[in-house]
Enquirer: 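Could you have a look at this structure, given as structure tokens, before my questions?
In what follows, every chain begins at residue 1, and chains take the letters A, B, ... in the order their sequences are listed. Because only heavy atoms are used, hydrogens play no part in the values below, and waters and symmetry mates are left out as well, while side chains stay in.
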Number of protein chains: 2
Amino acid sequence: MAQSDTVDRILDAAEELFAERGFSETSLRMITSKAKVNLAAVNYHFGSKNALIHAVFARFLTPFSATLENAFDELEARCDGEPPTLNQTLWALTESAVRMPQRNEKGISIFMRLLGLAYTQSQGHLRKFLEQEYSQPFSRFMRLLKEATPQLSAVDRYWRIQFMLGATAFTMSSSDALRDILQNKLGVETTVQEIAARLVPFLAAGMQAEDAMLVPPASKTSVA
Amino acid sequence: MAQSDTVDRILDAAEELFAERGFSETSLRMITSKAKVNLAAVNYHFGSKNALIHAVFARFLTPFSATLENAFDELEARCDGEPPTLNQTLWALTESAVRMPQRNEKGISIFMRLLGLAYTQSQGHLRKFLEQEYSQPFSRFMRLLKEATPQLSAVDRYWRIQFMLGATAFTMSSSDALRDILQNKLGVETTVQEIAARLVPFLAAGMQAEDAMLVPPASKTSVA
DNA sequence: TTGCCGATCAAACGTATGTTTCAAACAGAC
DNA sequence: GTCTGTTTGAAACATACGTTTGATCGGCAA
């Protein structure tokens, strides 16, 4: 049985519980009892709770960032010098995410929610860790976005990227619940791939919206 | 001075700290020491920490939902039978938020972040409280959205509303952090009003995007 | 004044947290 | 089998939390 099982069981349980309840709302005792390992195992194998959080992210993000780099390589090769379009770039990202080997059927949506939480819960250490560790594929994605939307100012593009991230993380993180609601209300089944297929055009349209800063149409509001 | 301003000082401190650090990461001792009141005052005046959280929301949300109802009334009156457009509906919402009387200069951004946190941190009691207490303006907003996008199928509209909600909640919930990043990277200052002014066109464009379900294309698609 | 009652205060309560300790169990090399 | 280093186990550690207690204060009516 070696050490193997313990580390992975902790990571599995932690991943799921963090996604369900957030980081500080999840105690080590919940994790170890769900993983059926001793409480001390976390500090023995990972050193601290924060280090465990980092490990949960690293286990998914490291192979994912490799997959993503390959997808970008292939895309740029296919475009042969021309910058890829926004749609192509977004599709390369979502395809990479969807195609990642999943530990279980909830895999991708769990991880989307974790990414959302990482950004939302102002856990300083997590943000710093992610930015340091995965800056390369992140900046490459940013460069592709920039080349695909040359008409946008840097500030506009920055905010619209945040909007995209929000729509994605939020939707994917609660996609299970949302799918259930839809099933009950309208009697429609939906897969994660279908959600992505609806999300990408939404994002692309928002990203390429005609310039912002419009005043409320046909209204007599003024700025002080 | 009556019951002194203990209650208000607690609410002020709690609002700010919750927005900065989240709910469970903020202790009653932080709140009472920032408010310069005794620790027991929270339980004396509010009963519990959860009740304090509810009170923080109620102090803002109750007058806000009244303002919002008025804005919707006015909008529908102005439209004279015709359903308001998507842009008008979204603007009515953001204008109502921005125009709320602020306790201080950070007022609105603090509260946006709180709303984002409420959706993100799965604090069951908070979700339940908000849904029960403010269901009326919420369903009215949903009805307006439906009338403003008759071209969408119910399923498409359902998902796109989730995307809008996600972009908004996520951005607002981390707006302080995002503003800081922008400040450091590009040396740009941003107000919440400006974020909203960028968000609304993004949402409207995404909501009205030409139909979904495209496969990763080799062609750039543009919106008519 | 006296009596009263809501508001404040310092202190303690019980519980839960992350982390540490140290002995026992284990595996593999000799 | 014996030794050696790694992994598990039960228990304790110190700290922080939300909440409760009971004494004390302060204004006001009778």
Enquirer: Using whole Å, report how far CG of B:Asn43 lies from C1' of C:dC9.
Expert: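 The distance from CG of B:Asn43 to C1' of C:dC9 comes to 14 Å, rounded to the nearest Å.
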Enquirer: Take atom CZ of A:Phe46 and atom P of C:dT19, then tell me their distance rounded to the nearest Å.
Expert: 13 Å
Enquirer: Looking at the side chain of A:Arg29, which of D:dG18, C:dG18, C:dT8 is the nearest nucleotide?
Expert: C:dG18
Enquirer: Is the centre of the A:Phe170 ring less than 6.0 Å from the centre of the B:Phe163 ring?
Expert: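 No: the rings miss the under 6.0 Å criterion.
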Enquirer: What integer distance in Å separates A:Ile31:CD1 from C:dG18:P?
Expert: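 Result: 8 Å.
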Enquirer: Based on the rotation axes of five pairs at each end, what angle does the helix from C:dT1-D:dA30 to C:dC30-D:dG1 bend through, to 10°?
Expert: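 About 10°, once rounded to a multiple of 10°.
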Enquirer: Starting at the 5' end of DNA chain D and moving along, which residue's nearest nucleotide shows up first, A:Leu39 or B:Ser48?
Expert: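 Taking each residue's closest nucleotide, the earlier one in sequence belongs to A:Leu39.
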Enquirer: Nearest whole Å is fine: how far is D:dT7 P from A:Ile10 CD1?
Expert: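 Rounded to the whole Å, the gap is 12 Å.
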Enquirer: Is the shortest side-chain N/O distance from B:Ser27 to OP1 or OP2 of D:dA16 below 4.0 Å?
Expert: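 Result: no.
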Enquirer: Does A:Arg160 use its side chain to pair, donor to acceptor, with the backbone of B:Phe202 at less than 3.5 Å?
Expert: no
Enquirer: Any salt bridge between A:Asp5 and A:Lys36, counting N to O under 4.0 Å?
Expert: no
Enquirer: Between B:Tyr44 (OH) and D:dG22 (C1'), how many Å, whole number?
Expert: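 Computing the B:Tyr44:OH to D:dG22:C1' distance gives 14 Å.
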Enquirer: Quickly work out the A:Lys49 NZ to C:dG18 C1' distance and round it to whole Å.
Expert: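 Going from A:Lys49 (NZ) to C:dG18 (C1'), I get 8 Å.
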Enquirer: Please report the distance, rounded to the nearest Å, between CD in A:Glu25 and P in D:dC17.
Expert: 14 Å
Enquirer: Strictly below 4.0 Å, N to O, side chains only: are A:Arg143 and A:Glu147 in salt-bridge contact?
Expert: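 Salt bridge between A:Arg143 and A:Glu147, a charged N being under 4.0 Å from a carboxylate O: yes.
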Enquirer: Do B:Leu68 and B:Leu93 come within less than 4.5 Å of each other through their side chains, counting heavy atoms only?
Expert: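 In short, these two side chains touch, coming nearer than 4.5 Å.
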Enquirer: Figure out the CD1/C1' separation between B:Ile53 and D:dG18, and round it to whole Å.
Expert: 12 Å
Enquirer: For A:Arg198 and B:Trp159, indicate whether the former's side chain and the latter's backbone hold a donor-acceptor pair under 3.5 Å.
Expert: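 No; zero donor-acceptor contacts below 3.5 Å.
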Enquirer: Please classify the nucleic acid contact of A:Thr26 as base, sugar-phosphate, or nothing, using heavy-atom distances under 4.0 Å.
Expert: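 Contact class for A:Thr26: sugar-phosphate only.
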Enquirer: Give the nucleotide from the list C:dT21, D:dG18, D:dC17 with an atom nearest to the side chain of B:Met30.
Expert: D:dC17
Enquirer: Can you tell me if A:Thr6 touches the phosphate of D:dT7, counting only side-chain N or O atoms and a distance under 4.0 Å to OP1 or OP2?
Expert: no
Enquirer: With a 4.0 Å cutoff (strictly under), does any side-chain N or O of A:His45 reach OP1 or OP2 of D:dT6?
Expert: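 It does not, given that no N or O in the side chain of A:His45 lies less than 4.0 Å from OP1 or OP2 of D:dT6.
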Enquirer: Give a yes-or-no answer on whether the side chains of B:Tyr134 and B:Thr62 include a donor-acceptor pair shorter than 3.5 Å.
Expert: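 Indeed, the side chains of B:Tyr134 and B:Thr62 share at least one donor-acceptor pair under 3.5 Å.
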